[in-house]
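Convention: sequence-line order gives letters A, B, ...; per-chain numbering from 1.
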Protein chains: 2
Amino acid sequence: MVKINGQKTAGQNDTERKIMEAAEEMFLRNGYNMTTTTMIARKAGVTHAMLHYYYRTKEQIFIKVLDRNLDELLASFHPVMKKDAPFWETLESGISTHFDFLMKHPELPTFILDTMRFNPELLESYKPRIRETLLRITGFHFSIIKDEIAAGKIREVDPEQLLLDIITLNLSAFIMLPPARKVFTEISDTRNRQILENRKKEIIALIKSRLYGKL
Amino acid sequence: MVKINGQKTAGQNDTERKIMEAAEEMFLRNGYNMTTTTMIARKAGVTHAMLHYYYRTKEQIFIKVLDRNLDELLASFHPVMKKDAPFWETLESGISTHFDFLMKHPELPTFILDTMRFNPELLESYKPRIRETLLRITGFHFSIIKDEIAAGKIREVDPEQLLLDIITLNLSAFIMLPPARKVFTEISDTRNRQILENRKKEIIALIKSRLYGKL
DNA sequence: ATAATGTTTAACAGCTTTGTTAATACATCG
DNA sequence: CGATGTATTAACAAAGCTGTTAAACATTAT
């Protein structure tokens with residue numbers, strides 16, 4: 001299938017690439033079960049036999065899509081905080097970076113949530129890697145937060161709850177708001193961007209007062 | 001089938017009721033598309049022809065399930081705040097009540113989200129009622145919050161953002177955490193309750209410091 | 001040119017889905 | 001009892017799904 005200089009471009013040929021792109025788009029938007037191989041093929045402009053020719057089964061092409069997104073998936077948990085620079089500045093920029101990342105991959109949270117919910121077996125082989133990443137990150141942040149509490153610099157919060165606050169608030173903007181808007185208010189692209197920016201500011205303000213607000 | 005005195009039981013007979021119960025359980029857990037009429041019938045212990053006999057189509061039985069849950073659905077937006085009693089006390093109890101309500105109907109948020117996402121047309125007829133409720137509630141809360149800000153009692157927050165904070169935080173605990181636990185950590189029922197209680201406390205603390213914390 | 005290899009199509013197989021229907025069992029009531 | 005309307009079953013039909021296959025077509029190498 002891979003032709004080097006005759007006709008086809010290096011790597012994948014056109015059909016294979018179009019199928020993968022269509023599959024990625026559909027799976028990300030609708031999840032594994034709600035996407036049919038026929039739909040993917042139609043969107044790619046080929047017969048569905050081609051999908052099976054290149055990727056064998058629906059599950060295998062899904063796994064390939066998962067692979068393509070796994071690094072980003074893990075990155076999505078990642079950069080809530082960085083180094084041992086000033087605590088709040090790095091935390092704030094961490095939340096912001098995380099939110100910005102989600103703005104660039106707005107469908108990723110729902111995609112992962114769907115897969116966890118309906119097809120956890122497809123994540124089985126990734127579990128160790130995900131778990132390991134997660135533990136490393138939480139461990140890292142927990143210790144920094146505890147240090148900061150011990151030094152009396154921030155309020156006494158449960159580090160686990162704080163991370164949950166940040167992550168769920170950020171993800172909510174991408175998991176819950178789009179369907180809600182689908183029912184309640186249709187909205188333009190720029191307006192959407194604006195709303196998300198406001199949301200980001202609010203989330204940061206929320207976390208800041210949780211840590212530094214004196215009651 | 002089951003007659004009590006040679007008469008049918010008042011209202012629904014046993015089969016009809018069992019089908020409805022099975023349908024409600026399945027639709028709430030898996031949504032419209034991921035539930036098949038055959039699965040419902042099997043769970044109810046009848047042939048799937050009975051489902052069509054009593055409810056005609058899958059869509060019609062789904063609508064009936066939606067009806068049965070609509071009041072609760074609307075209630076789920078409802079009691080974030082009550083009257084003109086002391087502001088924070090009522091807000092706190094409102095958040096708490098809302099959270100407790102969700103604990104009693106933990107599948108409702110995901111159910112509605114699913115329906116908004118994949119079958120918004122099935123919500124079409126409920127839109128006016130939902131919109132009206134929503135507007136009434138937001139209008140009510142906005143004015144109270146604005147009054148409180150004007151009186152200098154709480155920090156200057158965007159009321160819309162504040163309600164989004166509360167609602168998304170509460171819903172997150174039921175939409176995002178269960179699938180996450182499915183993948184990362186299986187957990188007992190009492191432990192789950194404990195986690196949710198902690199989460200509730202954290203959410204309340206978060207909102208409180210947002211409103212009253214001095215930076 | 002021709003053989004070998006790779007790509008694409010159309011048709012089909014087997015399964016599952018929603019929904020219908022004809023036949024049958026059943027209860028109730030006159 | 002027998003007539004009548006209801007409840008139930010099994011079988012079926014049409015459509016869509018995933019996946020396979022044989023044959024046609026294209027490309028490359030010999």
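Taking the six-membered ring wherever Trp is involved, the centroid distance between the rings of A:Phe99 and A:Phe174 falls below 6.0 Å.
The side chain of A:Lys58 has D:dG19 as its nearest neighbour among D:dG19, D:dA7, D:dT9. Closest to the side chain of A:Met50, out of C:dT8, C:dT18, D:dA7, is C:dT8. Nearest to the side chain of A:Thr57, among D:dG19, C:dT18, D:dT9, sits D:dG19.
What separates CG of A:Asn30 from P of D:dC17 is a distance of 13 Å, to the nearest Å. When rounded to the nearest whole Å, the span between CZ of B:Arg56 and P of C:dT21 equals 8 Å. Atom NE2 of A:His48 and atom P of C:dT7 are 19 Å apart (whole Å). Between the CG atom of A:Leu51 and the C1' atom of C:dT8 there is a distance of 14 Å, given to the nearest Å. In this structure, OH of B:Tyr53 is placed 4 Å from P of D:dA7, rounded to the nearest angstrom. Rounded to a whole Å, the NE2 atom of B:His52 is 14 Å from the P atom of D:dT9. Straight-line distance from the NZ atom of A:Lys18 to the C1' atom of C:dT8: 12 Å, rounded to whole Å. At whole-Å resolution of the value, OH in B:Tyr54 and C1' in C:dG19 are 17 Å apart.
If you check every strand for non-hydrogen atoms under 4.0 Å, A:Thr15 touches sugar and phosphate atoms only. Using a 4.0 Å heavy-atom criterion, one finds that A:Thr38 contacts the bases of the nucleic acid, with or without backbone contacts as well.
Between B:Phe101 and B:His98, the two ring planes are parallel [angle under 30°; tilted spans 30° to 60°].
Taking the ring centre of B:Tyr32 as origin, the terminal cationic atom of B:Lys58 falls inside the region bounded by 6.0 Å and 45° from the ring axis.
When the nearest nucleotides of DNA chain D are assigned to A:Met39 and A:Ala49 by heavy-atom distance, the more 5′-ward of the two goes with A:Met39.
No donor-acceptor distance shorter than 3.5 angstrom exists from the side chain of B:Asn119 to the backbone of B:Thr115, with no hydrogens or angles considered.
Not counting sequence neighbours, the partners of A:Lys18 by the salt bridge (Lys or Arg N to Asp or Glu O under 4.0 Å) test are A:Asp14.
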Fill in the blank from the handout: DNA chain D in dot-bracket form (Watson-Crick or G-U pairs under 3.5 Å, [ ] crossing, | inter-strand) is ||||||||||||||||||||||||||||||
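Side-chain contact between B:Tyr54 and B:Met20 is absent, with no heavy-atom pair separated by less than 4.5 Å.
An OP1 or OP2 oxygen of D:dT8 is reached within less than 4.0 angstrom by no side-chain nitrogen or oxygen of B:Thr47.
Going from atom CZ of B:Phe62 over to atom OG1 of B:Thr37 covers 14.0 Å, rounded to the nearest 0.5 Å.
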